[in-house]
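Just below is one structure, and these are the notes that go with it.
Computed from a predicted structure; not experimentally measured. Counting starts at 1 for both ligands and their atoms, following the listed order.
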Amino acid sequence: MLAERDDVTLLAGGTDAMVEINDGHRRPQGPVVAVNRIPDLRSWRHDRAAGTLTIGACVTYTELMDPAIATLVPALAEASRTVGSPQIRNAGTLGGNLGTCSPAGDGLPVLAALDATVTLASRSGTRTMPVTEFMVGVKRTAIEPGELITEVTLPVVDGWQGYAKVGVRNAMVIAIASTCVVFDRAAQTVRVALGSVGPTILRCPDAEAHLASHVDWNTMSAAADDLDRFGTLVSDASRPITDHRSSAEYRRHAVGVLARRLAQRAATPAGPPGAPA
Ligand SMILES: Cc1cc2nc3c(=O)[nH]c(=O)nc-3n(C[C@H](O)[C@H](O)[C@H](O)COP(=O)(O)OP(=O)(O)OC[C@H]3O[C@@H](n4cnc5c(N)ncnc54)[C@H](O)[C@@H]3O)c2cc1C
């Protein structure tokens, strides 16, 4: 149907699409196609040999919080736990978060920090691209007419990873600023991605390079000054705006604090709590 018509609306959990439709911001002109009962899109697989996890577009946040997935990508489970309410987490999907591509989408900084790839399918075949190329701008993606997201592939990284967000309260809140930090012990790299502080998710190459070269990878520790500098470089990399949720100044400050806090959890001499073995 996607190949034959250009007026199809895809629906997964409906937690973004139905809000837009109910608010009158979106009016489907043609058929609404629900994809969230397609078994291929609802499944996930761990390829041990390749060291990757592939997650179907219609896997829900509740499923991402399951220990079977959470032990492989703890930051994604952590981000999923912060999404909406149990009802939203039961219905909302990772593919829907990508489809909407809000800069505040909680799954997206984790995908960006982990260098995830997104696979799109259409009648003419499939194509896979880095998630940072998939996210083109504010609620804009690289999806072409006739395509749908089928899956996301992430590396299973040896090292600490975490996600944190700031909102006006602790639950049912859209992020004012969010950060994912990943320590890759094998590659001795640090990766950081930011949400809600730019038109789309931002990576911070200067901050990543600075901290990676100052972490003691044997003891997994870093000096306070280097963590401070990391936070400052993260703030510098943000491109926030002032809107009804927060000011640009607060957002810039908040991502730096979140990034420093997460990095401190990763780089402690005693070893990171909760890190995968
Ligand atoms: C009360 C409430 C609280 C929320 N809290 C949060 C929160 O804390 N954090 C957060 O990130 N989000 C939050 N959201 C937004 C929403 O839950 C998420 O963005 C969710 O991931 C959307 O997934 P979905 O399956 O419901 O998508 P849908 O609403 O079904 O679809 C979203 C968009 O993606 C498209 N789409 C869906 N599946 C595909 C596919 N396979 N291929 C191509 N396009 C597709 C749809 O056409 C639509 O444009 C909240 C929403 C509500 C209503």
Numbered atoms and elements of ligand 1 in range of [X], under 4.0 angstrom, heavy atoms:
X	answer
Leu10	42 (N), 43 (C), 44 (N), 46 (C), 47 (O)
Ala57	41 (N)
Asn97	11 (O), 18 (C), 19 (O), 21 (O), 22 (C), 23 (O)
Val19	53 (C)

When you measure from [atom] to every protein heavy atom, which one gives the shortest distance, and what is it?
atom	answer
atom 8 (O) of ligand 1	Gly84 N, 3.0 Å
atom 7 (C) of ligand 1	Asp106 OD2, 3.4 Å
atom 17 (O) of ligand 1	Thr15 OG1, 2.6 Å

query: In terms of hydrophobic clustering (I, L, V, M, F, W, Y; side-chain heavy atoms under 4.5 Å; direct or indirect links), are Val156 and Val110 co-clustered?
result: yes

- request: Indicate whether the side chain of Asp216 and that of Ser221 have a donor and an acceptor atom separated by less than 3.5 Å.
  value: no

Can you find an N/O atom of [X] closer than 3.5 Å to an N/O atom of ligand 1?
X	result
Gly107	no
Leu11	no
Val35	no

Side chain, backbone, both or neither: which part of [X] has a heavy atom under 4.0 Å from ligand 1?
X	answer
Met172	side chain
Glu151	neither
Arg26	side chain
Val173	backbone

field: Residue pairs, two or more places apart or on separate chains, that pass ring pair (Phe, Tyr, Trp, His ring centres under 6.0 Å) and touch residues 215-265
entry: Phe183-Trp217

